[in-house]
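Scroll down for the structure; my scribbles are underneath it.
Letters A, B, ... mirror the listed sequences (proteins, then strands); counts begin at 1. Because only heavy atoms are used, hydrogens play no part in the values below, and waters and symmetry mates are left out as well, while side chains stay in. Only a predicted model underlies this, so the values are computations on that prediction, with no experimental measurement involved.
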Protein chains: 4
Amino acid sequence: MKSNILKIFFVANLILCLNLQAQFGSRKEVKIPDILGMKTLKCDFHMHTIFSDGNVWPTIRPEEAWREGLDVIAITDHIEYQPHKNDVPTNHNRAYELAKNKAEELGLTIIKGSEITRSMPPGHMNAIFINDASKLDTENWKDAVLEAKNQGAFVFWNHPGWRGQQKDGIARWYDEHTYLFENEIAFGIEVVNEDEFYPEVLQWCIDKNLTMLSNSDVHHPTNIVYDVTSGEHRPMTLVFAPDNSYESIKDALINHRTVCYTKDLLIGNEEYLTEIFSNSIEIFNDDFEISGKDGKNIQIKNNSDIPYKMKLISKPDNLEVAEQFTCYANRTVLLYVKNVDEEIVGQKDYELKYYVENLITSPGKAAEAVINVKINHSSSQK
Amino acid sequence: MKSNILKIFFVANLILCLNLQAQFGSRKEVKIPDILGMKTLKCDFHMHTIFSDGNVWPTIRPEEAWREGLDVIAITDHIEYQPHKNDVPTNHNRAYELAKNKAEELGLTIIKGSEITRSMPPGHMNAIFINDASKLDTENWKDAVLEAKNQGAFVFWNHPGWRGQQKDGIARWYDEHTYLFENEIAFGIEVVNEDEFYPEVLQWCIDKNLTMLSNSDVHHPTNIVYDVTSGEHRPMTLVFAPDNSYESIKDALINHRTVCYTKDLLIGNEEYLTEIFSNSIEIFNDDFEISGKDGKNIQIKNNSDIPYKMKLISKPDNLEVAEQFTCYANRTVLLYVKNVDEEIVGQKDYELKYYVENLITSPGKAAEAVINVKINHSSSQK
Amino acid sequence: MKSNILKIFFVANLILCLNLQAQFGSRKEVKIPDILGMKTLKCDFHMHTIFSDGNVWPTIRPEEAWREGLDVIAITDHIEYQPHKNDVPTNHNRAYELAKNKAEELGLTIIKGSEITRSMPPGHMNAIFINDASKLDTENWKDAVLEAKNQGAFVFWNHPGWRGQQKDGIARWYDEHTYLFENEIAFGIEVVNEDEFYPEVLQWCIDKNLTMLSNSDVHHPTNIVYDVTSGEHRPMTLVFAPDNSYESIKDALINHRTVCYTKDLLIGNEEYLTEIFSNSIEIFNDDFEISGKDGKNIQIKNNSDIPYKMKLISKPDNLEVAEQFTCYANRTVLLYVKNVDEEIVGQKDYELKYYVENLITSPGKAAEAVINVKINHSSSQK
Amino acid sequence: MKSNILKIFFVANLILCLNLQAQFGSRKEVKIPDILGMKTLKCDFHMHTIFSDGNVWPTIRPEEAWREGLDVIAITDHIEYQPHKNDVPTNHNRAYELAKNKAEELGLTIIKGSEITRSMPPGHMNAIFINDASKLDTENWKDAVLEAKNQGAFVFWNHPGWRGQQKDGIARWYDEHTYLFENEIAFGIEVVNEDEFYPEVLQWCIDKNLTMLSNSDVHHPTNIVYDVTSGEHRPMTLVFAPDNSYESIKDALINHRTVCYTKDLLIGNEEYLTEIFSNSIEIFNDDFEISGKDGKNIQIKNNSDIPYKMKLISKPDNLEVAEQFTCYANRTVLLYVKNVDEEIVGQKDYELKYYVENLITSPGKAAEAVINVKINHSSSQK
């Protein structure tokens with residue numbers, strides 16, 4: 001049977017080629033659209049290697065990041081916490097040096113960073129865009145952050161509600177933080193760290209106009225912690241910048257052009273969230289003709305990896321629509337719109353208002369989205 | 001136990017929302033790019049319902065098709081084979097009538113069809129774009145196909161190598177088929193039916209300039225047969241047409257603007273296959289600078305659902321590249337290009353030629369693809 | 001390369017054999033252990049076909065059930081609701097006749113049934129173990145249920161909180177139900193139907209000593225509704241019986257030996273739930289030696305398909321353990337038990353008490369489980 | 001927005017609980033049955049860490065192994081190849097020391113090992129069950145293996161066909177290997193290493209009575225290399241031993257009680273393979289009654305993780321059965337057995353002989369399996 005021979009031919013080839021690609025693997029993009037004429041860079045600014053308390057060799061970090069669809073990473077090993085130092089003598093600049101070539105081979109941007117690791121207050125802080133991490137190894141934490149500022153670093157406060165430093169898991173603001181932010185030493189805070197989300201920190205960022213960050217703080221191989229095959233992803237900071245150069249990223253960070261992405265949640269400024277939503281969604285058949293008490297399916301296509309969870313806010317009295325539905329990621333769903341008022345005749349524009357419940361703009365508040373419907377009512381004769 | 005009550009409540013909430021979407025489900029597009037300024041319509045022109053020997057009510061067919069990303073379907077119940085007729089009295093037009101509304105609700109094109117079901121020769125033939133299926137219920141098969149032609153049908157020969165009619169699974173051409181094609185009664189043949197691919201039929205289509213079709217011939221619910229969740233798909237005929245109107249689809253079918261899609265294989269005219277390939281693929285970093293015996297990763301992004309299996313045909317002597325690799329579906333992979341001749345200086349353009357092994361242009365022959373590389377060689381000082 | 005040739009050989013074989021098995025498919029058992037010396041039969045006593053308002057031919061029901069690991073099914077087409085009757089003339093006994101052979105080929109028990117379909121009260125009722133469904137086609141619903149009783153049927157009340165008959169989704173008890181249960185015409189109620197769970201009905205079953213049922217009421221192909229590949233399952237009634245004969249199943253149903261299984265929930269009598277839990281779980285290293293303030297991992301292996309969600313009720317003061325954890329289905333997890341009292345010396349038995357939150361014994365109440373730990377404290381010298 | 005607050009709360013609850021298990025993860029057993037009154041230990045005797053050229057900290061190896069269902073591991077960092085030594089000063093015993101506690105916490109057996117790393121011949125060799133790896137750091141390779149023997153090690157030859165040392169990928173036997181095996185310094189060879197299978201080495205093991213091994217030789221985090229979530233697994237050596245003590249494992253290794261497990265292949269002694277097969281499989285309905293030209297489904301349940309690929313060798317003339325089928329892993333499949341001789345009357349025993357194609361006993365040869373069928377033929381009257 002000829003067709004069988006053909007088939008055999010292909011499979012044999014496949015086996016060889018898998019061999020050749022074992023070293024490569026493949027990259028799966030994170031599908032979140034670009035907005036406002038800028039790129040939506042997928043970034044993780046907090047991770048560890050064996051050069052502090054992490055469990056992987058530094059080159060693994062860019063490899064993982066490439067596979068998982070990230071664009072920008074910073075390795076931020078602890079300055080003060082060096083549990084492996086008997087086996088791996090302290091060298092604060094080494095993880096970056098080792099990872100840099102691998103990142104370049106893979107087309108990723110890697111930023112030099114370190115974690116200044118102090119008890120609370122001020123707690124842990126990441127300094128990224130530094131030149132020489134060894135100079136941050138100072139007695140006094142203020143000297144460390146000032147040196148970082150001096151090197152042109154972007155400094156942010158890590159996991160303010162971490163139970164290792166706040167037993168109740170609630171973030172607290174100390175004078176030290178006032179010092180850091182008022183003197184423009186630090187500019188941002190982690191609203192999300194690993195699997196923790198601190199709503200109180202989100203409120204601080206809104207009130208004090210600080211940059212929100214969402215990072216993995218990963219110590220293990222990432223795909224032990226996140227089941228990437230099943231669609232899980234590490235927390236990421238989305239950065240809106242014209243390109244992935246150091247300058248553009250730093251500028252975006254200083255100017256708060258970020259959104260936190262963790263699990264199915266996007267957390268941040270409403271403008272960014274609604275832009276992401278509207279650039280993710282295509283709506284079909286929202287301009288239709290019906291007669292009398294009749295309805296029609298609107299098709300809503302979601303081109304992103306984020307399942308948008310819709311909850312009705314308001315609708316015209318004469319229309320019936322679903323109170324709740326989910327625009328599944330990378331899928332099209334139907335929204336059935338039914339007219340229940342027989343008397344209407346002529347063309348009319350309607351507005352359906354929904355919360356997008358997983359787009360968080362402030363603690364307990366979700367972004368809103370409008371679905372516009374245009375109906376051409378003809379009189380029904382039935 | 002407060003948290004339990006909470007969860008139950010939460011679950012209740014969730015249940016309601018699932019309730020609303022249970023009837024909907026969701027649609028997953030088949031990602032194969034449009035080409036040549038036309039749409040790439042995903043079509044299945046052969047399926048059954050309980051109105052012949054199938055096992056589903058007709059409305060299920062458009063529902064399945066919508067979920068699976070199809071654009072166009074034809075239900076083609078057997079005229080002569082009516083095993084359920086004691087329970088479901090014969091009505092050749094009924095399946096279409098029942099399915100039509102559902103298809104329209106879902107935005108699908110549904111074409112009226114029937115399967116003229118005779119022993120070999122001429123075997124089974126589908127007539128689609130008919131007006132009245134009951135008129136195909138004739139004593140003599142020639143009367144049936146002439147009636148179909150009279151109704152403006154597009155007629156094609158089904159599964160010519162089916163073991164139910166050819167014990168060895170090999171298709172044979174009979175005088176009856178010469179009659180059908182020479183008199184422009186039939187225009188196409190199934191090169192793929194269900195899980196069968198007939199290479200000899202592919203050759204006939206090339207030699208005689210006939211339209212190639214690939215259909216599911218499904219009798220069961222489709223996702224019993226194809227594990228859609230795991231990424232399996234039914235066989236489809238890709239039709240290249242300006243839109244999904246009856247006229248456009250029929251015109252495309254008559255003019256052979258089709259490609260067969262089954263498993264990971266695309267089978268058809270080389271022009272269509274290479275257009276699909278080149279519209280699926282984005283290549284990054286193919287214009288680079290190196291010095292001496294050095295190399296670089298080219299990133300190849302595949303935006304389609306088809307994993308392209310590459311096998312090297314030819315390359316310049318001074319470059320080393322992978323003999324084989326796969327551009328995984330919806331992924332980016334790396335192709336490492338290494339220069340091994342130290343003497344080259346200055347800018348040079350190179351051509352890497354690969355077979356794309358799962359793009360079948362004729363029995364045993366695959367489409368070819370070229371990857372262009374531009375290298376700026378600077379002299380190395382190491 | 002020899003090894004390659006070997007590999008090719010196998011793959012070719014595989015392709016052929018998939019062809020041969022397409023008609024078969026395969027069965028995946030539902031892993032819930034047998035208890036109390038009886039079999040745990042997986043049953044679905046409520047489903048439809050094209051002979052009422054369902055969308056599949058009757059033979060599909062046993063095929064699906066076999067694949068999904070069920071042991072017992074009843075097809076229960078509506079007596080009074082026959083929306084397809086213009087195409088499929090009414091024949092109340094026919095779906096069973098058609099499905100019976102297929103069920104026997106597959107080793108399934110199929111029970112003859114019908115759905116008596118009336119407005120509320122009394123609403124819809126299933127009669128299973130009947131002889132002649134056509135005799136249930138009576139003017140008065142009392143005549144129908146009495147005829148069912150006369151035929152030796154087990155009658156149960158379907159989906160009492162269905163929004164089609166109770167706008168607020170809350171089940172209500174009417175005099176008609178008192179009549180049905182006091183006269184031993186009906187013996188059970190659906191606590192779960194499709195994706196609905198009625199806690200108020202669970203309470204009725206407890207208070208009035210009625211049989212709890214959980215059924216799919218499926219109208220579509222099941223794996224359109226439940227993503228079986230991803231591990232979803234239809235609602236099932238677990239029936240505890242010595243074997244799968246009609247007599248044994250009926251006896252179990254009359255004597256309330258059932259548990260409702262839907263999503264990750266088991267709902268029913270505490271004795272059955274804790275037996276299922278304890279027969280699912282194996283505990284390793286719960287008898288160990290430590291010295292001073294030290295701890296150890298207990299390994300908990302779950303051999304069932306149900307992920308048990310544990311929430312701490314009580315523990316000895318000197319031990320620290322997780323407040324919450326999940327015994328994932330078909331996995332082993334660790335429970336770290338730490339002693340925090342340095343003074344203890346000698347062997348001691350401890351009891352850790354947990355709720356198993358997804359084992360529901362009554363509205364808002366979960367089954368309890370005890371993990372016994374035996375520690376041999378030796379004095380620590382550190 | 002009440003429901004949102006609820007959800008956030010619920011999610012918070014969930015997060016806590018995941019927190020507690022993030023450090024744990026879960027273990028998925030490898031389902032291959034125990035045989036011959038012994039345990040089937042799942043072992044990997046070859047892996048690397050940052051203490052040679054690997055990319056993970058040593059504690060990661062037992063963590064991965066526990067999750068993936070292994071029972072026994074050996075970390076075998078290179079003695080002579082120390083590419084990280086500028087950052088991680090050479091310490092041949094350190095990886096074992098660091099991994100040992102973690103292995104014990106998780107209930108795994110970890111064996112101290114090293115890879116003696118020389119050019120071919122003799123190539124690379126693993127010595128496991130050693131006391132002091134630093135003493136293997138000798139000028140002459142013979143001194144190293146003699147020291148290993150002196151320490152009571154089990155020594156085996158690694159990846160004899162590795163393209164790094166044999167350009168054509170074909171293993172060659174040198175005098176050095178005769179020396180190693182004749183002097184009972186080495187006892188085994190890797191028939192499988194990473195994604196390579198060397199059939200010629202399988203033949204050597206048969207001819208010379210050597211122990212066959214199958215190991216991962218993993219350098220990266222394992223679940224970057226193997227998509228564990230999708231069911232992929234690393235190569236393992238199955239060791240048949242009464243328990244998982246050092247003595248029992250060493251005894252089993254010396255006495256060739258091993259089988260190689262890679263992809264879907266088991267490679268080794270026919271007795272072991274057929275025992276594994278027959279302990280994996282349960283057959284139902286193989287004792288049945290039919291009359292005349294009729295058939296019946298035999299149900300074949302496979303309780304193991306290995307999909308057995310069956311190919312018919314011989315059958316009685318009067319029976320028709322599938323030429324090929326697969327007993328899918330953890331599934332039940334049907335084998336339809338049809339009698340085609342009307343004349344047979346009375347009870348008869350039949351034997352169906354199949355190759356189990358993925359149970360490899362020697363190059364190109366598969367294990368055989370017999371399915372016994374007992375039919376009670378009654379005379380048919382149709």
Side-chain angles (χ1 to χ4, degrees), chain B residues 1-9 11-12 14-23 25 48-51 53-61 63-64 67 83-84 86-91 94-95 97-98 163 169 194-196 219-232 263, chain C residues 15 18-19 22-23 25 49-51 53-61 63-64 67 83-84 86-89 91 94-95 97-98 163 169 194-197 199 219-232 262-265 309 311 313 323-324 355 357-358 360 363-366:
Chain B
M1 240 182 46
K2 216 171 172 182
S3 81
N4 213 30
I5 291 158
L6 255 166
K7 277 179 194 170
I8 290 171
F9 187 87
V11 173
L14 183 66
I15 286 169
L16 279 180
C17 153
L18 288 179
N19 248 353
L20 289 163
Q21 291 203 309
Q23 39 177 329
H48 296 273
T49 77
I50 60 126
F51 283 90
D53 59 343
N55 294 309
V56 300
W57 190 249
T59 52
I60 292 295
R61 294 299 179 210
E63 285 196 43
E64 294 169 335
R67 288 162 194 257
H84 300 162
N86 289 338
D87 296 298
V88 185
T90 293
N91 183 343
R94 188 62 176 146
E97 281 168 32
L98 287 164
R163 283 167 192 274
E194 208 189 354
D195 58 356
E196 296 182 341
H219 290 69
H220 263 40
T222 50
N223 56 359
I224 278 192
V225 188
Y226 303 97
D227 189 347
V228 175
T229 296
S230 300
E232 285 183 23
K263 298 176 206 279
Chain C
I15 288 168
L18 288 180
N19 272 349
Q23 39 178 330
T49 76
I50 61 127
F51 282 91
D53 58 343
N55 294 309
V56 300
W57 190 249
T59 52
I60 292 295
R61 293 299 179 212
E63 286 195 44
E64 293 169 335
R67 288 163 194 257
H84 300 162
N86 289 338
D87 295 299
V88 185
N91 182 343
R94 189 61 176 144
E97 281 168 31
L98 286 164
R163 282 167 193 273
E194 208 188 355
D195 57 356
E196 296 182 342
F197 162 38
H219 290 69
H220 262 41
T222 49
N223 56 359
I224 278 192
V225 188
Y226 304 97
D227 189 346
V228 175
T229 296
S230 300
E232 284 184 24
T262 183
K263 298 175 206 281
D264 289 340
L265 301 178
K309 289 162 194 171
K311 189 182 155 79
I313 304 170
E323 293 277 325
Q324 289 188 301
Y355 288 116
E357 295 194 294
N358 53 325
I360 310 290
K365 220 172 144 304

Roughly how far apart are [X] [atom1] and [Y] [atom2], rounded to 0.5 Å?
X: C:Glu357; Y: C:Gln324; atom1: CD; atom2: CD; answer: 6.0 Å
X: C:Thr262; Y: C:Phe197; atom1: OG1; atom2: CZ; answer: 9.0 Å
X: B:Asn223; Y: C:Asn223; atom1: CG; atom2: CG; answer: 4.0 Å

Residue selection (most heavy-atom pairs with chain C, distance under 4.5 Å) from B:Ile60, B:Asn91, B:Leu98: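 Sorted descending by pairs with chain C, the first entry is B:Ile60.
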Selection from B:Asp227, B:Ile50, B:Ile224, B:Asp87 maximising heavy-atom pairs under 4.5 Å formed with chain C: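 Of B:Asp227, B:Ile50, B:Ile224, B:Asp87, B:Asp87 has the most heavy-atom pairs under 4.5 Å with chain C.
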Mutual orientation of the aromatic rings belonging to B:His219 and B:His48 [parallel < 30°, tilted 30-60°, perpendicular > 60°]: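 Rings of B:His219 and B:His48: parallel, as their planes differ by under 30°.
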B:His84 and C:Trp57 aromatic ring geometry - parallel, tilted or perpendicular at 30°/60° bounds: parallel
Which portion of C:Thr59 sits near chain B, non-hydrogen atoms under 4.5 angstrom: side chain
Residue C:Ile313 versus chain B: region with a heavy atom under 4.5 Å: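 Contact with chain B is absent: no heavy atom of C:Ile313 under 4.5 Å.
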Best-contacting candidate, C:Thr49, C:Val228, C:Val56, against chain B by heavy atom pairs under 4.5 angstrom: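 Highest number of heavy-atom pairs under 4.5 Å: C:Val56.
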